[in-house]
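Structure, as structure tokens:
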Amino acid sequence: MTINHATAAEKFNKDFDRTTWHDETLWWVRQKRDRAAFSIPEWEKLRDTASQIKHNVLSNLDTYLVEFEKNAQKNGITVHWAADAHEHNEIILSILKKQGVTQIVKSKSMLTEECHLNPYLAENGVEVVDTDLGERIVQLADEPPSHIVLPCIHWKKEEIGVLFHKHLGTPEGCADPTLLTHAARENLREKFLTRRVAITGVNFAVAETGEFVVCTNEGNADMGAHLADVHIACMGIEKIIPQRAHLGVFLRLLARSATGQPITTYSSHFAKPRAGQEMHLVLVDNGRTTQLGREEFRNSLKCIRCGACMNTCPVYRRSGGHSYHNAVAGPIGSILAPNLDMTKNADLPFASTLCGSCSNVCPVKINIHEQLYEWRQVLTKSGHSPTAKTLGMKAMAAVLSNPSVYRLSGKMGRLALANVPFVVNNSLNPWYKQREMPEPPKESFGEWYKKNRG
Ligand code: SF4
């Protein structure tokens, strides 16, 4: 059973040092992003342009997808279409079966996380080795990533040292990042050299050329794809951009927003398979066309997965990525997840202060906090919020919409707080868990105003 965000966040918060350090580390990334963004005078223009390009893409998605497919096929890429996660996984398994392969390498792809590809392939006898260092760490720890750009941001180097000692044979007590990275590299090198199939994600797919672009800082996607006989790339259908010239806008925004770098270390263009190689591309819907049809949430498909909204979110920073129980965590994940499953993910749009910091940093100008607020209304109206909350809100609406009832309730509340405070200040009241209730005033503001200014 999935535990809800508040319960999972409470568990994360029990480790006070980790919560503080997680919060500070992500805020440091956010500050790096600010410095990188503000060093470019045309930053806001870039954001506007990116948002408009994506608006055009979403308005003409069918046309661009068909154009991309045609050009990719012309280049020699085999294009597959998957309606949902299951179809995506089946397509990949069928390619692997045809190749007679049971061991593969995979670079970072949040789409394959969304589709639960690794467990599916494991059930079918295929071993997947994740080659992004952060992903490899969480894979060895048998955990999902907690952040879309920094998958093991919740792990300390000392803990990684223990993990690597157990799995990779590094010296006991070694927590030196350089040594640990060398150990991972050495271990991965053998996998790169021996695996015949490599899976990568896709950051951008260019309709006019049929090429796709994969961005990594470690070069692991390139190592996998260049050494393998078969390259399978998986992409959500929203990753299309119309022209190669548009990459200049998105590549400048992506790295700066994600990590504060001017450019990702490797922005690799894959246009066609090299001689003797097979290249497959799986285009995945998995709820995206449903979201496209929800007018108020359509903008969420502009997301380029930079992670900036997570790094700035005061709730994400203090609750950790796993508390969102979804492949994509944080503010944008909380908009995307209810589209996939309203019942399972009804708690997520409420995991926000609605401060709007996410919308302020988003490189493609998604109105994230407004959509979170909108989801709350949709979920409540469709009966997906908890009964206690629905009843509480109804009671509150009745009190706030009637001045006499409001005045009477205020009076009773003040009396209760003054004379029987335990009615409110008890462990059953979640608000009281981390807060002292205030001293009740003797009179309401309305009463004071009437007496002194009336
Ligand atoms: S919603 Fe915006 S800020 Fe968040 S990951 Fe997507 S592009 Fe980045």
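Ligands are counted one by one from 1 in listed order, and the atoms in each one are counted from 1 as well.
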Anything protein N, O or S sitting under 2.8 Å from atom 2 (Fe) of ligand 1: count it and give me the total.
1

For G307, the ligand 1 atoms with a heavy-atom partner under 4.0 Å come out as 5 (S), 8 (Fe)

Fit a plane to each ring of F212 and F270, take the angle between them on a 0 to 90° scale, and name the class: parallel (under 30°), tilted (30 to 60°) or perpendicular (over 60°).
parallel

Test the K54-F250 pair against the cation-pi criterion, namely NZ or CZ under 6.0 angstrom from the six-membered ring centroid and within 45° of the ring axis.
yes

Among R33, H147, R317, which residue satisfies the side chain to side chain donor-acceptor pair (under 3.5 Å) criterion with N311?
H147

Could you pull out the closest heavy-atom pair between R244 and V206, with the gap in Å?
N-CG1, 3.2 Å

Any side-chain donor-acceptor pair under 3.5 Å between Q371 and N367?
yes

Partners passing side chain to side chain donor-acceptor pair (under 3.5 Å) against H246 (at least two apart in sequence or in another chain)
none

